Amino acid sequence: MSKMTLEELRKLREAKKQEAAQRDTEGKDTLVIVGMGTCGIAAGAKDVVDALLDELKKVGNENVIIRQAGCMGLCHVEPTVEVRSPGIPNTIYGNVDAEVARKIVRQHIVDGRLVNKHVYDKPAADIIEQ
């Protein structure tokens with residue numbers, strides 16, 4: 001194993017700082033939960049998390065918390081992603097792949113519109129708090 005240079009160590013430190021900042025919840029109001037049970041992982045949930053993180057970085061949105069959960073009980077539509085953001089009902093997306101994950105970032109989180117083709121569940125209009 002070769003030794004790392006000082007510059008490589010600085011780059012590694014900066015990359016880890018950015019990863020840690022993604023987990024910091026202070027001042028953030030949008031929560032994205034990815035089902036990472038064995039069924040979700042087998043269906044490609046890790047690729048979904050990577051695509052979400054990459055797309056959030058591309059659009060420059062640092063107001064989002066990404067969390068991993070266990071099985072969400074929706075094994076037949078894995079990978080699943082729940083998005084909780086202000087002004088939009090909490091929404092669960094099913095059959096999410098990397099491309100859909102990028103749409104969720106651009107369309108749901110940035111533009112405030114649902115990605116209708118992949119909405120699996122959202123609260124009924126009569127129970128949404130006004």
Side-chain angles (χ1 to χ4, degrees):
M1 183 172 160
S2 65
K3 292 181 182 179
M4 295 179 80
T5 66
L6 183 57
E7 188 60 33
E8 290 170 332
L9 287 171
R10 286 183 176 142
K11 287 180 182 177
L12 180 62
R13 180 179 64 185
E14 194 59 37
K16 294 300 177 189
K17 273 185 175 178
Q18 289 177 355
E19 286 179 20
Q22 192 70 38
R23 295 186 190 116
D24 185 15
T25 60
E26 190 171 316
K28 298 179 180 178
D29 61 4
T30 299
L31 175 63
V32 176
I33 303 168
V34 180
M36 296 286 285
T38 53
C39 52
I41 293 169
K46 177 70 173 104
D47 293 338
V48 170
V49 170
D50 291 344
L52 287 167
L53 291 170
D54 183 57
E55 197 66 21
L56 285 168
K57 189 176 180 180
K58 283 181 184 174
V59 300
N61 191 330
E62 297 177 358
N63 194 27
V64 178
I65 305 160
I66 305 273
R67 290 221 171 115
Q68 299 175 10
C71 180
M72 296 172 108
L74 304 169
C75 303
H76 60 289
V77 291
E78 291 288 350
T80 52
V81 173
E82 180 176 357
V83 181
R84 300 177 187 176
S85 66
I88 301 175
N90 296 347
T91 305
I92 297 176
Y93 292 101
N95 295 318
V96 177
D97 60 12
E99 181 182 336
V100 175
R102 293 178 191 282
K103 279 185 185 175
I104 290 170
V105 169
R106 284 181 265 120
Q107 206 169 305
H108 186 122
I109 296 171
V110 174
D111 295 340
R113 297 178 295 121
L114 298 177
V115 181
N116 289 324
K117 190 176 175 184
H118 290 274
V119 171
Y120 182 73
D121 190 27
K122 63 181 178 180
D126 61 334
I127 62 171
I128 297 172
E129 293 178 21
Q130 298 300 322

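What you see is a predicted model; the values in this text were computed from it and never measured.
Between Ile66 and Leu53, the closest heavy-atom pair is CG1-CD2, 3.9 Å.
Annotation: the span from Arg106 atom CZ to Arg113 atom CZ amounts to 10.5 Å, rounded to 0.5 Å. Rounded to the nearest 0.5 angstrom, Leu52 CG and Ile109 CD1 are separated by 7.0 Å. Within the model, atoms NZ of Lys28 and CD1 of Ile65 stand 6.5 Å from one another, a figure rounded to the nearest 0.5 Å. Interatomic distance, Leu74 CG to Tyr120 OH, rounded to the nearest 0.5 Å: 5.5 Å. Taken from CG in Leu114 to OG1 in Thr91, the straight-line distance is 4.5 Å, to the nearest 0.5 Å. Once rounded to the nearest 0.5 Å, the distance linking NZ of Lys11 with OG1 of Thr5 reads 8.0 Å.
Taking Arg102 as the reference, Asp54, Glu55 meet the salt bridge (Lys or Arg N to Asp or Glu O under 4.0 Å) condition, with sequence neighbours excluded. Residues that satisfy the side-chain hydrogen bond (donor to acceptor under 3.5 Å, both in side chains) test with Asp47, not counting sequence neighbours, are absent from this structure. Listed by chain and number, the residues in a side-chain contact (heavy atoms from CB on, under 4.5 Å) with Ala98 are Ala51 (sequence neighbours excluded). Legend: residues meeting salt bridge (Lys or Arg N to Asp or Glu O under 4.0 Å) with Lys57, ordered by chain and number and at least two apart, are absent.
Looking at heavy atoms from C-beta onward, Asp29 lies out of side-chain contact with Ser85 at the 4.5 angstrom threshold.
Of the options His108, Lys117, His118, a side-chain hydrogen bond (donor to acceptor under 3.5 Å, both in side chains) to Tyr93 is made by His108 and by none of the others.
Of the possible polar contacts, none joining the Gln107 side chain to the Gly112 backbone as a donor-acceptor pair under 3.5 Å is found.
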Subject >> Evaluation steps, side-chain contact (heavy atoms from CB on, under 4.5 Å), between Val83 and Ile104 >> reply: CA-CA 9 Å; Val83 181; Ile104 290 170; 3.8 Å; yes
Could you tabulate the donor-acceptor pairs under 3.5 Å formed by side-chain atoms of residues 31-41, not counting sequence neighbours?
none

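Applying the salt bridge (Lys or Arg N to Asp or Glu O under 4.0 Å) rule to pairs touching residues 79-91 yields Glu82-Arg84, sequence neighbours excluded.
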